[in-house]
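Below you'll find the structure, written out as C-alpha coordinates, and then a few comments.
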Amino acid sequence: MPELPEVETIRRDLDREFAGKKVKAVQITGARSVRRGTHDDLTARLVGRSFKTVKRRGKYVVVVLDSGEWLVVHLRMSGQLLKAAAKAPRPKHTHVVIEFTHGIQLRFVDPRTFGEAFVVDPARLADEAPDVAELGWDPLEDPLPWVDFARLVLGRRVQLKALLTDQKVIAGLGNIYSDEALHAAGLRYDRLANTLTVQEVRRLFRAIIEIVHEAVQARGSSLADEQYVDIYGKPGAYQDQHQVYAREGRACPRCRATLQRTKWGGRSTFFCPACQI
DNA sequence: CGATCTACCTGATGGC
DNA sequence: TGCCATCAGGTAGATC
(Lines give C-alpha, C1' and ligand atoms only; values in the text may rest on other atoms or scores of the structure.)
Protein backbone atom coordinates (compact mmCIF):
# COMPACT_ATOMS: atom_id res chain seq x y z
CA MET A 1 0.00 0.00 0.00
CA PRO A 2 2.39 2.71 1.00
CA GLU A 3 4.26 4.49 -1.73
CA LEU A 4 6.95 7.15 -1.47
CA PRO A 5 4.83 9.89 0.20
CA GLU A 6 3.48 7.53 2.85
CA VAL A 7 6.92 6.07 3.58
CA GLU A 8 8.41 9.56 3.73
CA THR A 9 5.75 10.61 6.26
CA ILE A 10 6.62 7.59 8.37
CA ARG A 11 10.34 8.30 7.99
CA ARG A 12 10.06 11.87 9.26
CA ASP A 13 8.01 10.86 12.28
CA LEU A 14 10.31 7.95 13.09
CA ASP A 15 13.33 10.24 12.90
CA ARG A 16 11.72 12.76 15.22
CA GLU A 17 10.49 10.17 17.71
CA PHE A 18 13.30 7.63 17.77
CA ALA A 19 16.59 9.26 16.74
CA GLY A 20 19.06 8.77 19.58
CA LYS A 21 16.89 6.15 21.31
CA LYS A 22 18.43 2.86 22.39
CA VAL A 23 16.91 -0.54 21.71
CA LYS A 24 16.29 -2.51 24.88
CA ALA A 25 14.71 -5.66 23.47
CA VAL A 26 13.25 -7.14 20.30
CA GLN A 27 10.39 -9.58 20.00
CA ILE A 28 9.74 -11.36 16.73
CA THR A 29 6.50 -13.29 16.62
CA GLY A 30 5.55 -13.34 12.96
CA ALA A 31 7.56 -15.99 11.16
CA ARG A 32 7.43 -14.40 7.72
CA SER A 33 8.33 -10.81 8.55
CA VAL A 34 12.01 -11.57 9.16
CA ARG A 35 13.20 -13.78 6.33
CA ARG A 36 16.62 -12.47 5.32
CA GLY A 37 18.72 -13.95 8.08
CA THR A 38 17.55 -15.51 11.30
CA HIS A 39 15.41 -14.00 14.02
CA ASP A 40 18.27 -14.35 16.50
CA ASP A 41 20.65 -12.53 14.20
CA LEU A 42 18.26 -9.59 13.76
CA THR A 43 17.75 -9.38 17.50
CA ALA A 44 21.49 -9.54 18.23
CA ARG A 45 22.26 -6.75 15.78
CA LEU A 46 19.55 -4.47 17.23
CA VAL A 47 19.65 -4.90 21.00
CA GLY A 48 21.89 -2.33 22.66
CA ARG A 49 22.11 -0.27 19.47
CA SER A 50 20.72 3.23 19.09
CA PHE A 51 18.74 4.63 16.18
CA LYS A 52 20.99 7.30 14.71
CA THR A 53 18.86 8.69 11.89
CA VAL A 54 16.00 7.43 9.78
CA LYS A 55 16.34 7.65 6.03
CA ARG A 56 14.36 6.39 3.08
CA ARG A 57 15.18 4.89 -0.28
CA GLY A 58 12.15 4.60 -2.54
CA LYS A 59 9.60 2.68 -0.50
CA TYR A 60 12.18 1.33 1.96
CA VAL A 61 12.57 2.76 5.45
CA VAL A 62 16.25 2.77 6.40
CA VAL A 63 17.14 3.18 10.07
CA VAL A 64 20.84 3.97 10.43
CA LEU A 65 22.09 2.36 13.65
CA ASP A 66 25.01 3.58 15.75
CA SER A 67 26.84 0.42 14.68
CA GLY A 68 26.78 1.73 11.12
CA GLU A 69 24.42 -1.04 10.06
CA TRP A 70 20.99 -0.43 8.59
CA LEU A 71 17.66 -1.70 9.83
CA VAL A 72 15.64 -1.84 6.62
CA VAL A 73 11.85 -2.16 6.55
CA HIS A 74 9.58 -2.56 3.54
CA LEU A 75 5.85 -2.33 4.24
CA ARG A 76 4.69 -3.88 0.94
CA MET A 77 0.87 -4.00 0.77
CA SER A 78 -0.35 -3.89 4.34
CA GLY A 79 2.56 -3.11 6.66
CA GLN A 80 2.38 -0.44 9.35
CA LEU A 81 4.98 0.95 11.73
CA LEU A 82 3.33 2.15 14.91
CA LYS A 83 4.62 3.93 17.98
CA ALA A 84 2.91 2.61 21.10
CA ALA A 85 3.20 2.39 24.84
CA ALA A 86 4.41 -1.02 25.98
CA LYS A 87 1.24 -1.52 27.99
CA ALA A 88 -1.10 -0.61 25.12
CA PRO A 89 -2.93 -3.61 23.67
CA ARG A 90 -1.18 -5.15 20.69
CA PRO A 91 -3.08 -5.08 17.41
CA LYS A 92 -3.66 -8.34 15.62
CA HIS A 93 -0.85 -9.20 13.18
CA THR A 94 1.86 -7.53 15.23
CA HIS A 95 4.94 -9.40 14.02
CA VAL A 96 7.94 -7.47 15.31
CA VAL A 97 8.20 -5.31 18.43
CA ILE A 98 11.23 -3.13 19.13
CA GLU A 99 11.29 -1.98 22.75
CA PHE A 100 13.01 1.18 23.87
CA THR A 101 13.58 2.53 27.33
CA HIS A 102 10.72 4.40 29.04
CA GLY A 103 8.16 1.83 27.94
CA ILE A 104 7.98 2.97 24.32
CA GLN A 105 7.71 0.48 21.48
CA LEU A 106 7.96 0.52 17.72
CA ARG A 107 5.67 -2.15 16.31
CA PHE A 108 5.61 -3.70 12.86
CA VAL A 109 2.04 -4.75 12.08
CA ASP A 110 1.29 -6.47 8.78
CA PRO A 111 -1.86 -8.55 8.10
CA ARG A 112 -0.82 -9.83 4.69
CA THR A 113 2.75 -10.57 5.80
CA PHE A 114 4.30 -9.42 2.51
CA GLY A 115 6.37 -6.82 4.33
CA GLU A 116 9.74 -7.49 5.90
CA ALA A 117 12.48 -6.19 8.16
CA PHE A 118 16.18 -7.00 8.06
CA VAL A 119 19.53 -5.65 9.17
CA VAL A 120 22.27 -5.18 6.60
CA ASP A 121 25.80 -3.83 6.54
CA PRO A 122 25.61 -1.04 3.93
CA ALA A 123 29.05 -2.02 2.62
CA ARG A 124 27.52 -5.36 1.61
CA LEU A 125 24.29 -3.92 0.21
CA ALA A 126 24.84 -5.03 -3.37
CA ASP A 127 25.29 -8.64 -2.26
CA GLU A 128 22.82 -8.89 0.58
CA ALA A 129 20.05 -6.52 -0.54
CA PRO A 130 20.35 -6.00 -4.29
CA ASP A 131 16.75 -4.79 -4.41
CA VAL A 132 17.78 -1.82 -2.25
CA ALA A 133 21.12 -1.31 -3.97
CA GLU A 134 19.57 -1.17 -7.43
CA LEU A 135 16.88 1.41 -6.72
CA GLY A 136 16.60 4.16 -9.31
CA TRP A 137 15.99 7.89 -9.10
CA ASP A 138 14.23 9.03 -5.93
CA PRO A 139 12.10 12.03 -6.97
CA LEU A 140 12.19 13.54 -3.48
CA GLU A 141 15.80 12.86 -2.52
CA ASP A 142 17.88 12.89 -5.66
CA PRO A 143 18.46 16.03 -7.66
CA LEU A 144 18.40 14.97 -11.29
CA PRO A 145 19.02 17.17 -14.31
CA TRP A 146 15.94 16.76 -16.45
CA VAL A 147 18.04 15.79 -19.44
CA ASP A 148 19.18 12.74 -17.46
CA PHE A 149 15.54 11.93 -16.80
CA ALA A 150 14.92 12.30 -20.53
CA ARG A 151 17.63 9.75 -21.19
CA LEU A 152 15.91 7.31 -18.82
CA VAL A 153 12.58 7.75 -20.57
CA LEU A 154 13.52 7.98 -24.22
CA GLY A 155 15.81 4.98 -24.13
CA ARG A 156 13.03 2.50 -23.44
CA ARG A 157 10.29 1.05 -25.58
CA VAL A 158 8.03 0.40 -22.62
CA GLN A 159 4.59 1.62 -21.57
CA LEU A 160 4.78 4.66 -19.32
CA LYS A 161 3.10 3.06 -16.34
CA ALA A 162 5.63 0.24 -16.42
CA LEU A 163 8.42 2.80 -16.52
CA LEU A 164 7.04 4.85 -13.65
CA THR A 165 6.46 1.85 -11.40
CA ASP A 166 9.81 0.19 -12.17
CA GLN A 167 11.71 0.74 -8.92
CA LYS A 168 15.04 0.37 -10.70
CA VAL A 169 14.19 3.40 -12.84
CA ILE A 170 12.15 5.60 -10.48
CA ALA A 171 12.14 4.64 -6.81
CA GLY A 172 8.94 5.15 -4.88
CA LEU A 173 6.04 5.42 -7.30
CA GLY A 174 3.31 2.78 -7.18
CA ASN A 175 -0.22 2.39 -8.46
CA ILE A 176 -1.66 5.61 -7.05
CA TYR A 177 1.10 8.09 -7.79
CA SER A 178 1.94 6.78 -11.23
CA ASP A 179 -1.70 7.32 -12.26
CA GLU A 180 -1.73 10.78 -10.69
CA ALA A 181 1.58 11.81 -12.27
CA LEU A 182 0.53 10.58 -15.71
CA HIS A 183 -2.72 12.52 -15.48
CA ALA A 184 -0.90 15.66 -14.35
CA ALA A 185 1.44 15.29 -17.33
CA GLY A 186 -1.45 14.63 -19.77
CA LEU A 187 -0.01 11.26 -20.79
CA ARG A 188 -1.69 7.86 -21.10
CA TYR A 189 -0.52 4.87 -19.03
CA ASP A 190 0.06 2.82 -22.19
CA ARG A 191 1.97 5.40 -24.18
CA LEU A 192 5.40 4.07 -25.19
CA ALA A 193 8.15 5.96 -23.40
CA ASN A 194 10.33 6.35 -26.47
CA THR A 195 7.56 8.15 -28.38
CA LEU A 196 7.46 11.15 -26.06
CA THR A 197 8.42 14.59 -27.32
CA VAL A 198 10.99 16.54 -25.38
CA GLN A 199 8.22 18.78 -24.10
CA GLU A 200 6.22 15.78 -22.90
CA VAL A 201 9.24 14.37 -21.08
CA ARG A 202 9.70 17.67 -19.31
CA ARG A 203 6.04 17.75 -18.30
CA LEU A 204 6.28 14.23 -16.93
CA PHE A 205 9.42 15.07 -14.98
CA ARG A 206 7.81 18.11 -13.40
CA ALA A 207 4.56 16.26 -12.72
CA ILE A 208 6.29 13.46 -10.83
CA ILE A 209 8.22 15.87 -8.61
CA GLU A 210 5.20 18.07 -7.98
CA ILE A 211 2.80 15.21 -7.16
CA VAL A 212 5.28 13.62 -4.76
CA HIS A 213 5.90 16.90 -2.93
CA GLU A 214 2.20 17.71 -2.65
CA ALA A 215 1.43 14.23 -1.38
CA VAL A 216 4.16 14.45 1.27
CA GLN A 217 2.71 17.81 2.35
CA ALA A 218 -0.63 16.09 2.86
CA ARG A 219 1.02 13.17 4.72
CA GLY A 220 0.19 10.64 2.01
CA SER A 221 -2.99 8.93 0.83
CA SER A 222 -5.30 6.73 2.86
CA LEU A 223 -8.02 4.94 0.91
CA ALA A 224 -11.40 3.87 2.22
CA ASP A 225 -10.00 0.99 4.28
CA GLU A 226 -7.45 3.26 6.00
CA GLN A 227 -4.85 0.57 5.63
CA TYR A 228 -2.22 3.29 5.51
CA VAL A 229 -1.77 5.23 8.72
CA ASP A 230 1.24 7.07 10.12
CA ILE A 231 3.14 5.93 13.24
CA TYR A 232 0.46 7.52 15.42
CA GLY A 233 -2.32 5.62 13.65
CA LYS A 234 -3.57 8.68 11.75
CA PRO A 235 -4.54 8.59 8.06
CA GLY A 236 -3.15 10.91 5.41
CA ALA A 237 -5.17 13.52 3.51
CA TYR A 238 -3.87 13.44 -0.04
CA GLN A 239 -6.72 11.20 -1.20
CA ASP A 240 -8.85 14.37 -1.14
CA GLN A 241 -6.57 15.84 -3.80
CA HIS A 242 -6.51 12.80 -6.10
CA GLN A 243 -7.45 13.86 -9.62
CA VAL A 244 -8.01 10.39 -11.09
CA TYR A 245 -7.22 7.56 -8.67
CA ALA A 246 -10.41 5.69 -7.68
CA ARG A 247 -12.50 8.38 -9.39
CA GLU A 248 -13.89 6.49 -12.38
CA GLY A 249 -17.18 7.83 -13.68
CA ARG A 250 -16.50 11.31 -12.36
CA ALA A 251 -15.52 14.37 -14.37
CA CYS A 252 -11.88 14.95 -15.17
CA PRO A 253 -10.86 18.05 -13.19
CA ARG A 254 -8.98 19.35 -16.22
CA CYS A 255 -11.30 18.71 -19.16
CA ARG A 256 -14.57 17.44 -17.65
CA ALA A 257 -14.57 14.20 -19.67
CA THR A 258 -15.61 11.07 -17.78
CA LEU A 259 -12.70 9.36 -16.04
CA GLN A 260 -12.19 5.70 -16.79
CA ARG A 261 -10.95 2.68 -14.91
CA THR A 262 -9.19 -0.14 -16.71
CA LYS A 263 -6.97 -3.10 -15.94
CA TRP A 264 -3.31 -2.74 -16.67
CA GLY A 265 -0.74 -5.27 -15.58
CA GLY A 266 -3.32 -6.91 -13.37
CA ARG A 267 -4.04 -3.71 -11.46
CA SER A 268 -6.68 -1.02 -11.61
CA THR A 269 -5.59 2.00 -13.60
CA PHE A 270 -7.42 5.31 -13.71
CA PHE A 271 -7.12 7.89 -16.46
CA CYS A 272 -8.86 10.50 -18.54
CA PRO A 273 -9.55 9.20 -22.06
CA ALA A 274 -9.74 12.76 -23.41
CA CYS A 275 -6.82 14.77 -22.08
CA GLN A 276 -4.25 12.03 -21.54
CA ILE A 277 -2.69 11.17 -24.86
C1' DC B 1 14.54 -6.47 -23.84
C1' DG B 2 9.42 -6.36 -22.64
C1' DA B 3 4.83 -8.35 -21.62
C1' DT B 4 2.08 -11.49 -18.95
C1' DC B 5 1.17 -14.74 -15.43
C1' DT B 6 1.59 -16.59 -10.76
C1' DA B 7 2.54 -16.55 -6.07
C1' DC B 8 2.94 -14.71 -1.54
C1' DC B 9 -1.34 -13.57 2.47
C1' DT B 10 -5.52 -11.56 5.18
C1' DG B 11 -9.60 -8.96 5.18
C1' DA B 12 -13.29 -6.08 3.29
C1' DT B 13 -17.09 -5.91 0.24
C1' DG B 14 -20.81 -7.08 -2.78
C1' DG B 15 -23.87 -10.35 -5.20
C1' DC B 16 -26.98 -14.07 -4.57
C1' DT C 1 -27.19 -15.18 7.66
C1' DG C 2 -23.87 -17.64 4.90
C1' DC C 3 -21.12 -18.59 0.81
C1' DC C 4 -18.39 -17.34 -2.94
C1' DA C 5 -15.93 -14.31 -6.00
C1' DT C 6 -13.34 -10.25 -6.39
C1' DC C 7 -10.41 -6.75 -4.98
C1' DA C 8 -6.52 -4.24 -2.31
C1' DG C 9 -1.12 0.78 -1.80
C1' DG C 10 4.03 -4.41 -3.90
C1' DT C 11 7.45 -7.26 -5.81
C1' DA C 12 10.00 -11.44 -7.53
C1' DG C 13 10.32 -15.13 -10.55
C1' DA C 14 8.96 -18.04 -14.48
C1' DT C 15 7.74 -18.18 -19.21
C1' DC C 16 7.11 -16.70 -23.83
Side-chain angles (χ1 to χ4, degrees), chain A residues 1-11 29-36 56-61 72-81 91-96 108-118 128-136 152-182 189-195 211-212 215-216 218-230 234-242 244-248 261-270:
Chain A
M1 71 154 143
E3 303 179 29
L4 188 157
E6 292 76 34
V7 180
E8 175 63 15
T9 301
I10 290 167
R11 180 202 74 73
T29 45
R32 276 177 47 79
S33 301
V34 176
R35 47 187 186 263
R36 303 192 205 194
R56 180 189 54 75
R57 289 195 164 196
K59 300 173 192 170
Y60 295 79
V61 174
V72 180
V73 179
H74 197 301
L75 303 168
R76 295 288 179 103
M77 295 286 268
S78 63
Q80 301 176 336
L81 285 169
K92 203 175 169 183
H93 308 299
T94 300
H95 303 310
V96 180
F108 179 61
V109 177
D110 185 15
R112 293 177 73 179
T113 72
F114 293 168
E116 63 169 326
F118 59 92
E128 295 181 1
D131 50 333
V132 182
E134 292 166 12
L135 287 170
L152 287 179
V153 174
L154 295 171
R156 288 156 208 263
R157 191 171 61 248
V158 65
Q159 296 181 350
L160 283 179
K161 184 150 175 174
L163 183 88
L164 264 54
T165 55
D166 183 342
Q167 302 302 300
K168 291 183 170 67
V169 180
I170 302 173
L173 299 188
N175 210 34
I176 294 178
Y177 296 104
S178 56
D179 282 6
E180 290 294 328
L182 287 168
Y189 62 95
D190 56 357
R191 185 74 182 276
L192 292 182
N194 65 350
T195 68
I211 295 283
V212 163
V216 170
R219 299 183 64 80
S221 303
S222 296
L223 302 187
D225 58 8
E226 284 197 7
Q227 187 84 242
Y228 162 69
V229 289
D230 63 21
K234 298 263 189 293
Y238 192 68
Q239 64 281 1
D240 299 337
Q241 295 176 58
H242 288 177
V244 286
Y245 192 85
R247 295 179 62 82
E248 73 273 28
R261 173 193 193 124
T262 188
K263 270 285 189 230
W264 181 90
R267 339 198 50 105
S268 290
T269 293
F270 304 88

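Below, read A as the first sequence line, B as the second, and so on, with proteins coming before strands; counting in each chain starts at 1.
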So which atom in Val7(A) and which in Pro2(A) form the shortest heavy-atom distance, rounded to 0.1 Å? CG2-CB, 4.0 Å
What interatomic distance, in whole Å, is found between P of dC3(C) and the corresponding atom of dC9(B)? 24 Å
In this structure, how many angstroms lie between the C1' atom of dC9(B) and the CG atom of Leu75(A), rounded? 16 Å
Assess the side chains of Arg112(A) and Ser78(A): does a donor N or O sit below 3.5 Å from an acceptor N or O? no
Does any nucleotide pair with dC7(C) by Watson-Crick or G-U wobble geometry, both distances under 3.5 Å, and what is it? dG11(B)
In whole angstroms, the gap separating P of dG10(C) from OH of Tyr177(A) amounts to 10 Å
Under a 4.0 Å threshold between the charged nitrogen and the carboxylate oxygen, would Arg36(A) count as salt-bridged to Glu116(A)? yes
Salt-bridged, Asp190(A) to Lys161(A), with N to O below 4.0 Å? no
Using a cut-off of 4.0 Å on non-hydrogen atoms, how would the nucleic acid contact of Phe114(A) be classed: base, sugar-phosphate, or nothing? base
Report which part of the nucleic acid Arg35(A) touches: base, sugar-phosphate, or nothing (heavy-atom distance under 4.0 Å, all strands). nothing
Measure CE/Met77(A) against P/dA7(B) and give the value in whole Å, please. 16 Å
For Ile10(A) versus Tyr228(A), what's the shortest heavy-atom pair and its separation? CD1-CE1, 3.9 Å
State whether Asp131(A) and Lys168(A) are salt-bridged, where the test is any N-O pair (Lys NZ or Arg NE/NH1/NH2 against Asp/Glu carboxylate O) under 4.0 Å. no
Ser268(A) side-chain N/O to dA8(C) phosphate OP1/OP2 under 4.0 Å: yes
Between CG of Asp166(A) and P of dC1(B) the distance, given in whole Å, is 10 Å
Rounded to the Å, how far apart are Arg112(A) CZ and dT10(B) P? 10 Å
Are the side chains of Leu182(A) and Leu160(A) in touch, meaning some heavy atoms are under 4.5 Å apart? yes
Atom CD of Glu226(A) and atom P of dA8(C): how far apart are they, to the nearest Å? 18 Å
Short side-chain N/O contact to dC9(B) OP1/OP2 from His93(A), under 4.0 Å: no
Value in whole Å for how far the P atom of dC7(C) lies from CD of Gln227(A): 18 Å
Base, sugar-phosphate or nothing for Glu3(A)? Non-hydrogen atoms, less than 4.0 Å. sugar-phosphate
Between N or O atoms, less than 3.5 Å apart, protein on one side and nucleotides 2-5 of chain B on the other: list the pairs.
| unit_1 | atom_1 | unit_2 | atom_2 | d |
| --- | --- | --- | --- | --- |
| dG2(B) | OP1 | Arg157(A) | N | 3.3 |

Is the count of non-hydrogen atoms from other residues, nucleotides or ligands lying under 6.0 Å from Arg219(A) atom CZ greater than 12? yes
Rounded to whole Å, CG of Asp179(A) lies from P of dA8(C) at a distance of 11 Å
Show the distances under 3.5 angstrom between N or O atoms of the protein and N or O atoms of nucleotides 11-16 of chain C.
| unit_1 | atom_1 | unit_2 | atom_2 | d |
| --- | --- | --- | --- | --- |
| dT11(C) | OP1 | His74(A) | NE2 | 2.9 |
| dT11(C) | OP2 | Lys59(A) | NZ | 2.7 |

Output for pair (Leu154(A) CG, Leu192(A) CG), nearest 0.5 Å, gives 12.0 Å
Would you indicate what Tyr238(A) reaches in the nucleic acid, counting non-hydrogen atoms under 4.0 angstrom: base, sugar-phosphate, or nothing? nothing
Assess the side chains of Glu6(A) and Tyr177(A): does a donor N or O sit below 3.5 Å from an acceptor N or O? yes
